[in-house]
Asks: 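Structure in C-alpha cells, see below.
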Amino acid sequence: MPEGDTVFRAARLLDRSLSGQVLTATDFRVPQLATSDLSGGTVTATVSRGKHLLTRIERDDEAWTLHTHLKMEGAWRVHRPGERWKRPVHQARVVLTTARAVAVGFQLGIVELLPRDQEESAVGHLGPDLLGPDWDEAEALRRLLEDPARPVGEALLDQTALAGIGNMYQAELCFTSGVHPRTPVGQVPDLTRLVRRAKQMLELNKERATQSTTGNLREPLWVYRRDDRPCRRCGTTVLVAMVGPAGRERASYWCPSCQPESSQG
C-alpha cells in the first residue's frame with residue numbers, strides 16, 4: 001500500500017496539473033457515481049490527508065470534494081489530451097479532463113463524491129498527518145500511547161494515531177530505532193525520537209520518486225522486503241512474520257540481532 005509520501009506526490013501532481021482549470025468532461029467508472037457529471041466545474045485544489053486524496057471542485061454555488069484512496073494497486077496519472085494512457089483503459093476508475101490535461105485514476109480503492117461540508121466525514125478520523133499542516137507531535141504521541149501495551153509496529157500503522165506510515169516505513173522505523181516490531185509501544189526507549197524520525201523520512205522522500213531510508217539509492221532500504229537476506233548493518237538474516245490483530249495482519253520485517261525481541265520489556 002502506498003505510503004504517505006507517495007500520496008503527497010500524487011496530490012501535488014494533480015494540484016499542479018488541474019487547479020484553476022475548468023473540467024470539460026468527467027467520467028466516473030464506479031457504479032455509485034456512474035451518472036455524476038461535474039463538467040463545467042473548476043478544480044480549486046488537490047490535497048493529501050495521510051493516505052487519502054481530496055480533489056476540490058466548484059461549480060456555480062456548488063462545492064464538491066472528490067475523495068480517492070489508492071489502496072494497494074491504485075495510481076493517478078496525468079496525460080496530455082490525445083496521449084495514450086500508460087495503464088490499461090479497463091483499470092480506469094475516474095477520468096477528469098480539462099483543455100490541457102487528462103487525469104486518470106487507475107484501480108482506485110475508494111472513489112466517492114462528497115459535498116464540501118461533508119469532507120471531514122472521510123478523513124476526520126485520521127490522526128495528525130506527518131506531511132500535513134495539522135501535524136502535532138504531542139497529539140500523535142498521546143494517541144500512540146493510549147494503549148501502551150500495543151505492539152509498536154501495529155501502533156505505527158494505525159492511521160487514527162498518526163497518518164502516513166505504511167508497512168515499509170513501519171519496518172524501517174523499527175529497525176533504525178533498534179526495536180522489535182512487537183515491542184509494546186509504551187516500552188520503546190525514545191518514542192519521541194522515533195516519531196521525529198518518521199516525519200524526517202517522509203519529508204525527505206516526498207521530494208524524490210525512489211524512497212530511501214539508508215541514504216543510498218542503490219541500497220535504499222534496511223530491512224523491508226529483505227527477508228532471508230543479510231542485514232545491511234550486521235549480516236544476520238532478516239526475518240519476516242505476519243503481525244497484528246486477526247484479519248488485519250501485516251508482514252513485518254526485522255533483524256533479530258539489531259532488534260532482539262528478548263531485550264525489550
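Keep in mind the model is a prediction, meaning the values are calculated, not measured. FYI, the numbering just counts along the sequence from 1.
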Asks: Looking at side-chain heavy atoms only, is the closest gap between Cys234 and Cys255 below 4.5 Å?
Replies: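 Counting from C-beta outward, Cys234 and Cys255 do come under 4.5 Å.
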Asks: Mind running side-chain contact (heavy atoms from CB on, under 4.5 Å) on Val7 and Leu70 for me, showing each step along the way?
Replies: CA-CA 8 Å; Val7 178; Leu70 305 182; 4.2 Å; yes
Asks: Any non-hydrogen side-chain atom of Met201 less than 4.5 Å from a side-chain atom of Leu173?
Replies: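 Of all side-chain heavy-atom pairs linking Leu173 with Met201, at least one is under 4.5 Å.
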Asks: Within the 3.5 Å criterion, strictly below it, is a donor on Arg193 or Ser177 matched to an acceptor on the partner's side chain?
Replies: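 There is no such pair (donor and acceptor under 3.5 Å, judged by atom type) between the side chains of Arg193 and Ser177.
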Asks: Can you measure from CG (Leu108) to CD1 (Ile110) and round to the nearest 0.5 angstrom?
Replies: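 Going from the CG atom of Leu108 to the CD1 atom of Ile110 covers 10.0 Å.
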Asks: Is any side-chain heavy atom of Thr210 less than 4.5 Å from a side-chain heavy atom of Leu217?
Replies: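 Yes, their side chains come closer than 4.5 Å.
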Asks: If only atom types and distance count, is the side chain of Arg250 paired as donor or acceptor with the main-chain N or O of Gly166 below 3.5 Å?
Replies: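 Not a single qualifying donor-acceptor pair exists.
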Asks: Here's a test for you: under side chain to side chain donor-acceptor pair (under 3.5 Å), which of Gln259, Glu154, Glu261 qualifies with Arg182?
Replies: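 Only match with Arg182 under side chain to side chain donor-acceptor pair (under 3.5 Å): Glu261.
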Asks: Are Leu13 and Val104 connected in a single hydrophobic cluster, I mean Ile/Leu/Val/Met/Phe/Trp/Tyr linked by side-chain heavy atoms less than 4.5 Å apart?
Replies: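 Different hydrophobic clusters.
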Asks: Given side chains that start at C-beta, do those of Asp60 and Glu62 come closer than 4.5 Å, heavy atoms only?
Replies: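 Sidechains of Glu62 and Asp60: no contact.
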Asks: Please answer whether the main-chain N or O of Ala11 pairs with a side-chain N or O of Thr46 as donor and acceptor at a distance below 3.5 Å.
Replies: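 No; judged by distance alone, with no hydrogens or angles, the pair does not exist.
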Asks: Using a strict cut-off of less than 4.0 Å between a Lys/Arg side-chain nitrogen and an Asp/Glu carboxylate oxygen, indicate whether Arg77 and Glu83 qualify as a salt bridge.
Replies: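 Salt bridge flag = no for Glu83 with Arg77.
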Asks: Over all heavy atoms of both residues, which pair between Val78 and Ala101 is shortest? Give the atoms and the distance, please.
Replies: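 Between these two residues, the closest heavy atoms are CG1-CB, 3.9 Å.
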Asks: More than 12 heavy atoms of other residues, nucleotides or ligands under 6.0 Å from CZ of Arg100: is that the case?
Replies: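 Not more than 12 within 6.0 Å, no.
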Asks: Would Leu23 and Ile57 satisfy side-chain contact (heavy atoms from CB on, under 4.5 Å), going step by step from the backbone distance to the final call?
Replies: CA-CA 9 Å; Leu23 294 167; Ile57 302 166; 3.9 Å; yes
Asks: Please examine the side chains of Gln21 and Thr42, heavy atoms only from C-beta on, and report whether any two atoms are closer than 4.5 Å.
Replies: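 A side-chain contact is absent here, since even the closest heavy-atom pair is not under 4.5 Å.
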Asks: Please examine the side chains of Asp15 and Val47, heavy atoms only from C-beta on, and report whether any two atoms are closer than 4.5 Å.
Replies: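 No. Closest side-chain heavy atoms not under 4.5 Å.
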Asks: Taking a hydrophobic cluster as the set of Ile, Leu, Val, Met, Phe, Trp and Tyr residues connected by side-chain heavy atoms closer than 4.5 Å, whether directly or through intermediates, do Met168 and Leu162 fall within one such cluster?
Replies: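 Looking at the clustering, Leu162 is in the same group as Met168.
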Asks: Shortest non-hydrogen contact from Val223 to Ala171?
Replies: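 Closest approach of Val223 to Ala171, heavy atoms only: CG2-O, 3.8 Å.
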Asks: What's the spacing between Leu66 CG and Leu114 CG if we round to 0.5 Å?
Replies: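 Rounded to the nearest 0.5 Å, the CG-CG separation comes out at 8.5 Å.
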Asks: Begin with the C-alpha distance, continue with both residues' side-chain angles, and end with the deciding distance and a verdict on side-chain hydrogen bond (donor to acceptor under 3.5 Å, both in side chains) for Asp37 and Ser39.
Replies: CA-CA 6 Å; Asp37 181 5; Ser39 57; 2.8 Å; yes
Asks: Tell me which one of Arg226, Gln170, Arg233 satisfies side chain to side chain contact (heavy atoms under 4.5 Å, CB included) with Phe175.
Replies: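 With Phe175 as partner, Arg226, Gln170, Arg233 yield a single side chain to side chain contact (heavy atoms under 4.5 Å, CB included), made by Arg233.
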Asks: When rounded to the nearest 0.5 angstrom, what is the spacing between CH2 in Trp64 and CD in Gln118?
Replies: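 So the CH2 of Trp64 and the CD of Gln118 are separated by 8.5 Å.
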Asks: Remaining members of Leu204's ILVMFWY cluster at a side-chain heavy-atom cut-off under 4.5 Å?
Replies: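 ILVMFWY cluster around Leu204 holds nothing else.
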Asks: Do Gln187 side-chain atoms and Ala149 backbone N/O form a donor-acceptor pair below 3.5 Å?
Replies: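 The answer is no, because no donor-acceptor pair under 3.5 Å joins these two groups.
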Asks: Rounded to the nearest 0.5 Å, how far does CD of Gln211 lie from CD of Glu172?
Replies: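 That separation rounds to 10.0 Å.
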Asks: Say you draw a straight line from CG of Leu202 to CD of Gln200; how long is it, rounded to the nearest 0.5 Å?
Replies: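 CD of Gln200 is found 10.5 Å from CG of Leu202.
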Asks: For Gln159 versus Ala163, what's the shortest heavy-atom pair and its separation?
Replies: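 Nearest heavy atoms, Gln159 then Ala163: OE1-CA, 3.4 Å.
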Asks: Judged by atom type as modelled, is there a donor-acceptor pair below 3.5 Å linking the side chain of Arg93 to the main-chain atoms of Gln91?
Replies: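 Yes.
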Asks: Below 4.0 angstrom, N of the basic side chain to O of the carboxylate: do Arg143 and Glu146 qualify?
Replies: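 A salt bridge is absent here (no side-chain N lies under 4.0 Å from a carboxylate O).
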Asks: Should the pair Glu58-Arg116 be classified as a salt bridge under the 4.0 Å nitrogen-to-oxygen rule?
Replies: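 Answer for the salt bridge query: yes.
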Asks: Show your reasoning for whether side-chain contact (heavy atoms from CB on, under 4.5 Å) applies to Trp254 and Val238.
Replies: CA-CA 6 Å; Trp254 72 93; Val238 173; over 6 Å; no
Asks: Given the rule that I, L, V, M, F, W and Y join up when any side-chain heavy atoms are under 4.5 Å apart, are Val152 and Leu141 in one cluster?
Replies: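 Val152 and Leu141: one cluster.
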Asks: Hey, quick one: are Val30 and Val95 part of the same hydrophobic cluster, counting side-chain heavy atoms closer than 4.5 Å, chains of contacts allowed?
Replies: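 They do not share one cluster, since no chain of ILVMFWY contacts under 4.5 Å joins Val30 to Val95.
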Asks: Rounded to the nearest 0.5 Å, what's the gap from CZ on Phe8 to CG on Asn205? Could you check?
Replies: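 Reported value, rounded in 0.5 Å steps: 12.5 Å.
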Asks: Is the shortest side-chain heavy-atom distance between Phe28 and Thr35 below 4.5 Å?
Replies: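 No - every pair of side-chain heavy atoms lies 4.5 Å or more apart.
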Asks: Before you tell me yes or no, could you show the steps for Arg49 and Glu120 under salt bridge (charged side-chain N to carboxylate O under 4.0 Å, His left out), namely the whole-Å CA-CA distance, both residues' side-chain angles and the distance that decides it to 0.1 Å?
Replies: CA-CA 11 Å; Arg49 284 285 302 275; Glu120 283 300 295; 3.4 Å; yes
Asks: Are any side-chain N or O atoms of Thr236 and backbone N or O atoms of Cys231, one a donor and one an acceptor, separated by less than 3.5 Å?
Replies: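 Not confirmed, Thr236 side chain does not pair with Cys231 backbone.
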Asks: Quick one: does any side-chain atom of Arg80 pair with a main-chain N or O of Arg84 as donor and acceptor, under 3.5 Å?
Replies: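 Checking the backbone N and O of Arg84 against the side chain of Arg80, no donor-acceptor pair under 3.5 Å is found.
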Asks: Which heavy atom of Pro81 sits nearest to which heavy atom of Val102, and what is that distance?
Replies: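 Between these two residues, the closest heavy atoms are CA-CG2, 4.0 Å.
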Asks: Dump the intermediate steps for side-chain contact (heavy atoms from CB on, under 4.5 Å) on Thr55 and Val43, then the final yes or no.
Replies: CA-CA 7 Å; Thr55 299; Val43 180; 4.0 Å; yes
Asks: Over 60° means perpendicular and under 30° means parallel, so tell me whether His52 and His67 are parallel, tilted or perpendicular.
Replies: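 It falls in the parallel class, under 30°.
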Asks: Examine distances only and state if a side-chain atom of Asp227 and a backbone atom of Tyr253 form a donor-acceptor pair shorter than 3.5 Å.
Replies: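 No; zero donor-acceptor contacts below 3.5 Å.
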Asks: Quick check against the 3.5 Å criterion: does Arg232 have a side-chain atom that pairs as donor or acceptor with the backbone of Leu221?
Replies: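 Yes; judged by distance alone, with no hydrogens or angles, the pair exists.
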Asks: Does a side-chain heavy-atom distance below 4.5 Å link Val94 with Phe106?
Replies: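 A side-chain contact is absent here, since even the closest heavy-atom pair is not under 4.5 Å.
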Asks: For the side chain of Asp129 and the backbone of Leu131, is there at least one donor-acceptor N/O pair under 3.5 Å apart?
Replies: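 Checking the backbone N and O of Leu131 against the side chain of Asp129, a donor-acceptor pair under 3.5 Å is found.
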Asks: Of the non-hydrogen atoms in Leu156 and Cys174, which two are nearest, and what is the gap between them?
Replies: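 Answer, listing the atom of Leu156 first, then Cys174: CD1-SG, 4.3 Å.
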Asks: Write down the atom of Thr26, the atom of Leu96, and the distance for their closest heavy-atom approach.
Replies: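 For Thr26 and Leu96, the tightest heavy-atom pair comes out as CG2-CD2, 4.0 Å.
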Asks: Hydrophobic clustering (ILVMFWY, side-chain heavy atoms < 4.5 Å, transitive) - are Leu33 and Trp76 grouped together?
Replies: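 Yes; tracing contacts between hydrophobic side chains, which count when under 4.5 Å, links both residues.
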Asks: For the side chain of Lys199 and the backbone of Leu130, is there at least one donor-acceptor N/O pair under 3.5 Å apart?
Replies: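 Looks like yes, one N/O pair under 3.5 Å.
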Asks: As a quick check of understanding, evaluate salt bridge (charged side-chain N to carboxylate O under 4.0 Å, His left out) for Arg56 and Glu119, giving each step before the final call.
Replies: CA-CA 10 Å; Arg56 295 165 180 158; Glu119 189 175 280; 2.8 Å; yes
Asks: Is it true that the side chains of Thr160 and Asp158 contain a donor and an acceptor less than 3.5 Å apart?
Replies: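 Thr160 vs Asp158: donor-acceptor pair found between side chains.
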